[in-house]
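What's counted below: heavy atoms across the whole structure, side chains too, no hydrogens, waters or symmetry copies. Numbering of ligands and ligand atoms starts at 1, following listing order.
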Amino acid sequence: MQQYDIVIIGGGPAGLAAAIKAKEEGIDNILILERDKSLGGILNQCIHNGFGLHTFKEELTGPEYAQRFIDKISDMKVDYKLNTMVIDLNEDKIITAVNDEDGILEIKAKSIILAMGCRERPRGAINIPGSRCAGIYTAGTAQKFVNIEGEMPGREVVILGSGDIGLIMARRMTLEGAKVKAVVELMPYSGGLKRNIVQCLDDFGIPLKLAHTVTKIEGKDRVTGVNISKVDDKMRPIRGTEEYIPCDTLLLSVGLLPENELSRKAGVKLGVTGGPEVDERMGTNIEGVFACGNVLHVHDLVDFVTEESYNAGKNAADYIKGKKVNKEVVELIPGNGVSYTVPKTIHVDNINKGVDIRFRVRNVFKDKFISVYFDNKQVIHRKKRVLAPGEMETLKLAEGMFEENPNCKNITIKIED
Ligand SMILES: Cc1cc2nc3c(=O)[nH]c(=O)nc-3n(C[C@H](O)[C@H](O)[C@H](O)COP(=O)(O)OP(=O)(O)OC[C@H]3O[C@@H](n4cnc5c(N)ncnc54)[C@H](O)[C@@H]3O)c2cc1C
């Protein structure tokens, strides 16, 4: 059985950044396992710009952003195996993978970094009535067809879901000559970044139908149209509001789910995001198993994936070097209006210059405050003009806050008037 200090599952931006950091921290024996034929992850199909504004202070395309990390991986001579699918992982940190060259591989790792990204929710997850004809794709699949395979999935398009992938694909299909008739969104607000609504819909005159859903797909061999309806405040279609939109393609952008099968098999505790619950080191409940990137929670900006993954790489390296943390943790609790926090727990003895907390809100809030309580004591009360579920929030908890509240057990983050 091959042995490595650190094995990283997934060669997307998360896995690459984690590997680079662990190597910089002095760990030589690292292996990245990637099921695709190249490194770079989902960025390879994101040929639009908007990547890297925080990390490089430049607007790069997805492949350009990824290439900077791939170049570094090759300069640093980090080992990787492509076309290699990890099929099993156990709590003894034994990985089973398969590829054409080696067949079935068993690898023992001292530390594992989970960086498998996420996948799209398909039609089956939302139960749209109607025929099961051709012409229905997830937005990411359509993106791969157009940007990598050079094939157009259709000409007259309706998009269900206004998260970032749906918005980006509305613009992409338009630029390639398709007519995007509408982006239909169940919620009364878009799930995407404000900048994407402006640059991908408004600039091209594509209508965004909020509080609407697709209620029927029509067509025999191929989609010929969809019925959409308004929904009430319980998200139920309102009778009499049906509108028929002729189209040959329906793209679904109805959410992403962390790839969590391997994590679950290994006994990693999963949280509300569907990904592992982690501490401030990006460490899971299994000693020496870390997680970062979209496998943990879905990010809208890759720059934050990179930051988080450097943290995972550094801590995996520390683990190999024998660094221990105290067992005692403070738990983070998502309070009113907050859906989750990453990390979920913090080792107070391991805080170095503070901890970044990332979270999402449950609803759109205007002119509210983000409050942080160390037990019952308020330590942050910060005004925000707009908070939306589509935009991830980051808060820094300074080291001093922990020093001033030494016996704190819970930290609550909530939205208040
Ligand atoms: C359509 C779209 C548009 C975006 N637009 C922007 C933007 O404009 N600006 C921005 O900053 N960010 C954007 N993002 C977000 C950013 O691209 C992601 O946050 C980032 O790619 C996540 O990195 P990751 O490494 O966690 O996951 P991924 O990039 O998904 O990489 C995960 C890797 O793990 C591999 N893998 C999974 N399971 C296994 C297994 N069992 N064995 C081996 N390998 C495995 C996968 O093949 C993949 O290569 C966009 C994302 C999407 C999908």
Q. Between Arg195 and ligand 1, which residue portion shows a heavy-atom distance shorter than 4.0 Å: side chain, backbone, both, or neither?
A. side chain
Q. Ligand 1 versus Ala115, non-hydrogen atoms closer than 4.0 Å: side chain, backbone, both, neither?
A. backbone
**Q.** More than 12 heavy atoms from other groups under 6.0 Å of CZ on Phe304
**A.** yes
(Q) With a heavy-atom distance limit of 4.0 Å, tell me whether Val305 approaches ligand 1 through its side chain, its backbone, both, or neither. (A) side chain
(Q) Please confirm whether Leu53 approaches ligand 1 to less than 4.0 Å, judged on its heavy atoms. (A) no
Q. Hey, are Asp279 and Arg281 close enough for a salt bridge, meaning a charged N less than 4.0 Å from a carboxylate O?
A. yes
**Q.** Atoms in ligand 1 with a heavy atom of His48 nearer than 4.0 Å
**A.** 3 (C), 4 (C), 5 (N), 6 (C), 7 (C), 8 (O)
Q | Heavy-atom proximity to atom 18 (C) of ligand 1, best of Val98, Asn147, Asn294, Leu43 | A | Asn294
Q.
Any heavy-atom pair between the side chains of Leu53 and Lys57 that's under 4.5 Å?
A. no
Extract all donor-acceptor atom pairs below 3.5 Å that involve side chains of residues 326-333 and protein atoms in other chains or at least two apart in sequence.
{"from": "Asn326", "atom 1": "OD1", "to": "Glu328", "atom 2": "N", "distance (Å)": "3.4"}
{"from": "Glu331", "atom 1": "OE2", "to": "Lys344", "atom 2": "NZ", "distance (Å)": "3.2"}

(Q) A cation-pi test, strictly: NZ or CZ of Arg360 under 6.0 Å from the centre of the six-membered ring of Tyr340 and no more than 45 degrees from its axis. Yes or no? (A) no
Q) Taking C-beta and beyond as the side chain, do Ile6 and Ile113 meet within less than 4.5 Å on heavy atoms? A) yes
Q | Neighbour count >12 (heavy atoms, 6.0 Å) for atom NZ, Lys108 | A | yes
Q) In ligand 1, which numbered atoms sit nearer than 4.0 Å to a non-hydrogen atom of His299? A) 19 (O)
(Q) Whether Arg358 and Glu308 form a salt bridge (side-chain N of Lys/Arg under 4.0 Å from carboxylate O of Asp/Glu) is what I want to check. (A) yes
Q | Region of Met169 that comes within reach of ligand 1 [heavy atoms, distance under 4.0 Å] | A | neither
Q: Mind checking whether Asp300 contacts ligand 1 via backbone (N, CA, C, O), side chain (CB onward), both or neither, at a 4.0 Å heavy-atom cut-off?
A: backbone
**Q.** For atom 47 (O) of ligand 1, the option (of Glu34, His54, Glu120, Arg172) bearing the nearest heavy atom
**A.** Glu34
Q.
Applying a heavy-atom cut-off of 4.0 Å, say which part of Pro13 lies close to ligand 1: side chain, backbone, both or neither.
A. both
Q. Between Asn196 and ligand 1, which residue portion shows a heavy-atom distance shorter than 4.0 Å: side chain, backbone, both, or neither?
A. neither
Q. What atoms of ligand 1 come within less than 4.0 Å of a heavy atom belonging to Thr84?
A. 42 (N), 43 (C)
**Q.** Proximity of Leu262 to ligand 1 by residue part, where a heavy atom lies under 4.0 Å
**A.** side chain
Q) Which ligand 1 atoms, with their elements, are less than 4.0 angstrom from a heavy-atom of Gly293? A) 26 (O)
Q) Can you tell me which residue and heavy atom of the protein come closest to atom 9 (N) of ligand 1, and the distance to 0.1 Å? A) Gly50 O, 3.3 Å
(Q) Could you check whether Arg172 pairs with Glu176 (Lys NZ or Arg NE/NH1/NH2 to Asp/Glu carboxylate O, under 4.0 Å)? (A) yes
Q) Given that the side chain starts at C-beta and the backbone is N, CA, C, O, which of these parts of Glu259 lies under 4.0 Å from ligand 1, counting heavy atoms, or is it both or neither? A) neither
Q. For Tyr319, is the NZ or CZ atom of Lys110 found under 6.0 angstrom from the centre of its six-membered ring and inside 45 degrees of the ring axis?
A. no
